Amino acid sequence: MNKSDISFRDRPINLDEQGGRRWVYAKKPEGPWYRRRTVFNWFVLLFFIAVPFIRINGNPLILLDIAGRKFIIFGAIFWAQDTLILALLMLSFVLFIILFTVTFGRLWCGWACPQTIFLEMVFRKIEYLIEGDYRKRNKLDRGPWTREKILKKATKHSIFILISVAMTNTFLLWFIGSEKWILLVSEPLGGNLKAFAIMLLISGFFYWVYSWFREQICTMVCPYGRMQGVLLDSRSVVVSYDYKRGEPRGPKTEGDCIDCHQCISVCPTAIDIRNGTQLECINCTACIDQCNSVMNATKKEPGLIRFDSENGIKHGHESIWNPRNRAYSVVLLVLFSFFIYTLFTRPVVETTILRTPGLLFQENEDGRISNVYNIKIVNKTHEALPLEMRLISHEGEITMAGSKMEIADQDRFESTFILYLHEDLLTGDKTEVEFGIFSKNELIEKYKTTFIGP
Ligand code: SF4
Ligand code: SF4
């Protein structure tokens, strides 16, 4: 790419005028920021792999069981019925991301996003190892298909495929849990062809992303990346070029930037940070390290590219706190406190009682009217509960289908029962009735529904 391509532009840097792909050959980063990022990323990677195997009270640390409509987040179990609590949690999370982004820009993308971590710390490292640094890789790709090239490409892509399969299985563990996954892989393949096909499809997708699509996820697909334009302002602390110090640029000018283009060569999205904050910048800090090593070599102060805000560069140091992120913090605090309150005060069981669809009332010979109901109770505690249901609003009789009402911990009870009420107790064609759910003689939940009669 030449200089005019990367200064001012109306399209992503990795696309040519016809919209075709321009391959990015990023130089291998080196330096203190890259070392910090490597250590942090390995912790995140380890967390990602270990989560399905870490248990709290016998439950995984995190389980997103969409099929079973059950979510376990840091040991706390949420059922589909916990809509308010889940909504509060999601809202708090979104607000936290907004607060974090207005303050620190796209730091998440470069430091904690699984896409970047897998690309930079796993796939790219394997590529450096097999094909060498950016110049060698560029030469290899442009060169003819020699024995060496075939061998290198075959080895790299075979390892990429194996890692994609391993990634998919780790990803699946978050959704189905380790027990179910072990059961799936230990059973004969013939019985799980559909699951196997899904696993292959997702693996194929990961392989395509990490071997070809790469940084385009961050620059063209990810909606979070697209939001930067509205979330960032001149007070946001991001990877910035100190134009006051750096300009006029050139090898023999007054400015500190010697125009060596090293910061561009190391950038995984191939941008020139000297043009200001751009949507492609994932705040990976590779250009900070690279420019600092140039500054050291030219005996100048490091920090020509650094974490700073536009205001910080223009006016010197500024506090990261401003009215905008203070206001977000207050709203986040209120929302999160409400979430904690609802989490700790939610009922221990969640009951739903509905009249069986399609059935009307029945008139019995003894003058009583009966209705048939479906009952569903979710046990949200970590202990088995012996349960009993009583009608607390009227004198009536309940006949439950099946044996005892008992639910194991974190389980569901579903059954059908008939409620008999004497005709004299009815107040019209619809009478409100109230049930009490008792455990060890203690009332733990009440539920109101209607009883229909003649
Ligand atoms: S690495 Fe530093 S000195 Fe070299 S071009 Fe980039 S900003 Fe200028
Ligand atoms: S400009 Fe710097 S921080 Fe931004 S993506 Fe490129 S190398 Fe990373």
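Since the structure is predicted, the reported quantities are computational estimates derived from the model, not experimental observations. In each ligand, atom 1 is the first atom listed, and ligand 1 is the first ligand listed.
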query = Looking at atom 3 (S) of ligand 1, what's its closest protein heavy atom, distance included?
reply = Ile258 N, 3.5 Å
ask   = Relative to the heavy atoms of Cys257, which atoms of ligand 1 are at a distance of less than 4.0 Å?
value = 3 (S), 5 (S), 7 (S), 8 (Fe)
query = Going by the order shown, which atoms of ligand 1 are within less than 4.0 Å of some heavy atom of Arg274?
reply = 5 (S), 7 (S)
request  = Find out whether the Lys NZ or Arg CZ of Arg21 is both under 6.0 angstrom from the six-membered ring centre of Trp212 and within 45° of the ring's axis.
outcome  = yes
Atom 8 (Fe) of ligand 1 contact by Cys291, N, O or S atom under 2.8 Å = no
ask   = How about Asn374 and Pro357: do any of their side-chain heavy atoms sit closer than 4.5 Å?
value = yes
query = Distance from Leu385 atom CG to Ile437 atom CD1, nearest 0.5 Å?
reply = 11.5 Å
ask   = Do the charged groups of Asp65 and Lys180 touch, with an N to O distance under 4.0 Å?
value = no
task = Pick whichever of Cys260, Pro302, Ala297 has a heavy atom sitting closest to atom 5 (S) of ligand 1.
result = Cys260
key: Side-chain donor/acceptor of Ser240 to backbone N/O of Asp308, under 3.5 Å   = yes
task = Check atom 2 (Fe) of ligand 2 and write out every protein N, O or S atom at under 2.8 Å, as residue and atom.
result = Cys287 SG
request  = Answer yes when Asp133 and Lys27 have at least one side-chain N-carboxylate O distance shorter than 4.0 Å, and no when they do not.
outcome  = no
task = Please state whether Gln290 comes within less than 4.0 angstrom of ligand 1, counting heavy atoms only.
result = no
Arg346 NZ/CZ over Phe78 ring centroid, <6.0 Å and within 45° of normal = yes
ask   = Only one of Tyr241, Trp33, Phe104, Trp111 clears ring-ring contact (aromatic ring centres under 6.0 Å, His included) with Phe307; which?
value = Trp33
task = Considering only NZ, NE, NH1 and NH2 on the basic side and carboxylate oxygens on the acidic side, decide whether Glu131 and Lys136 come within less than 4.0 Å.
result = no
